[in-house]
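In what follows, residues are counted from 1 in the order of the sequence shown. Quantities reported herein were computed from a predicted structural model and do not represent experimental measurements. Side chains included, hydrogens not; waters and symmetry mates left out as well; all remaining heavy atoms used.
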Amino acid sequence: MKTAVLMSTYNGDEYVEQQIDSIYKQSYQDFDLYIRDDGSNEDFVKYLESLQKKYDFHFIKGENIGFLKSFMELLKEVNGYDFYSFADQDDVWYPEKLQKSIEWLSQNKQDIPLLYHCAYHTGEDVNNKSNIYYHPDSEYCFKKCMTTNYYSGFAMVVNNELRMLMLKGDVENITYHDWWAGMIAVGIGKYHFDNIPLAFHIDHKTNVTAFTNKKRIKWFFQTLREESEIHKRALEYKRCFYNDLTNENQKILNLFATEHYSLVKSLKKAFSSNKWRDTTSSDVVMRILMILGKI
């Protein structure tokens with residue numbers, strides 16, 4: 001079974017070769033690497049072209065459209081593979097990462113969406129492996145994935161069935177490719193969290209998806225002003241997959257995918273015994289936004 005590794009880059013001079021090198025040192029070698037550059041400066045593009053000569057990957061020079069659209073563009077254009085693995089430009093993969101994921105994916109039927117996700121080390125120094133991200137102990141159910149994402153793109157591998165279902169979504173409404181993939185796998189497919197760390201995620205200020213306190217505050221006020229990304233994603237999920245859900249999950253989705261404000265639904269969410277976010281402060285903010293009809 002063949003695997004495509006999809007990487008989106010943007011001015012990542014400091015880390016990208018380290019990441020590419022770790023990909024080509026995988027114990028599992030039946031893969032092709034596709035790199036789409038998202039409108040980087042000329043010097044970085046030339047650097048990637050020199051790395052292409054060294055490693056012989058597929059290289060696509062693209063316009064700047066943002067990391068989500070860049071990954072989804074790759075997902076759409078690269079076809080004919082059994083499995084798809086996402087790669088950030090600034091991480092390090094351990095040699096068994098692809099092997100472990102393919103082993104689990106291959107033992108399942110391929111006519112349903114499948115998602116594999118590994119644990120990983122995180123920090124500023126790749127030589128310091130003291131911090132490990134595991135999947136939280138609490139069950140990650142369909143209800144929880146409406147408001148919380150535990151999936152990181154670089155740590156996941158999906159099968160072609162999940163890839164095709166991901167592409168049904170309007171890219172303007174899904175916000176994050178990894179969250180979108182997770183919702184599909186949890187709602188209508190199968191997923192597996194491996195507690196073996198198989199990558200190192202470099203945590204630094206320039207990381208595109210790092211959700212800092214500053215970003216949290218910005219997100220809160222933006223959600224007050226505009227339609228929330230959670231609401232947009234729920235509506236898009238309903239459009240694409242509502243009839244594929246169980247009756248119970250349809251009821252859950254209907255709480256979030258509302259066309260008009262409903263006080264009853266807002267209060268039902270806000271005073272639910274379920275914890276919507278892992279930290280108390282974030283959970284309280286989520287409930288306030290629910291009462292206000294923003295989520």
Distance, nearest 0.5 Å, that separates CG of Leu51 from CZ of Phe57 = 5.5 Å
To the nearest 0.5 angstrom, please state how far the CD1 atom of Ile132 sits from the OG1 atom of Thr122.
-> 11.0 Å
If you count the non-hydrogen atoms of other residues, nucleotides and ligands that lie under 6.0 Å from CG in Asp56, is the total more than 12?
-> no
With a 3.5 Å cut-off and no angle check, do the side chains of Lys100 and Tyr28 form a donor-acceptor pair?
-> no
Can a donor-acceptor pair be found between the side chains of Gln19 and Ser22 at a distance below 3.5 Å?
-> yes
Distance-only donor-acceptor check, side chains Tyr24 and Gln29, under 3.5 Å | no
Short side-chain to backbone donor-acceptor contact, Asp178 and Gly153, under 3.5 Å = yes
Side chain His231, main chain Thr258, donor-acceptor under 3.5 Å = yes
For Lys2, does the NZ atom sit with more than 12 other heavy atoms under 6.0 Å from it, leaving out its own atoms?
-> yes
With a 6.0 Å cut-off on ring centres, are Phe200 and Tyr120 close enough?
-> no
Leu114 with Phe154, same ILVMFWY side-chain cluster at under 4.5 Å | no
Does Asp170 offer a backbone N or O that forms a donor-acceptor pair with the side chain of Glu236 under 3.5 Å?
-> yes
Is it the case that Arg233 places NZ or CZ above or below the six-membered ring of Trp179, under 6.0 angstrom from the centre and within 45 degrees of the axis?
-> yes
So does Arg163 pair up with Asp82, basic N to acidic O under 4.0 Å?
-> no
Under 6.0 Å between the ring centres of Tyr151 and Phe193?
-> yes
Check the angle between the aromatic planes of Trp276 and Phe256 and answer parallel, tilted or perpendicular using the 30° and 60° thresholds.
-> perpendicular
Donor-acceptor pair between Gln107 and Glu103 side chains, under 3.5 angstrom | no
Is Lys97 positioned over the aromatic face of Tyr116, cation under 6.0 angstrom from the ring centre and no more than 45 degrees off axis?
-> no
Would you please say whether a donor-acceptor pair under 3.5 Å links the side chains of Ser8 and Asp38?
-> no
Measure the CG-NE2 distance between Leu198 and His117 for me, rounded to the nearest 0.5 Å.
-> 11.0 Å
Salt bridge Lys232-Glu172, side-chain N to carboxylate O under 4.0 Å | no
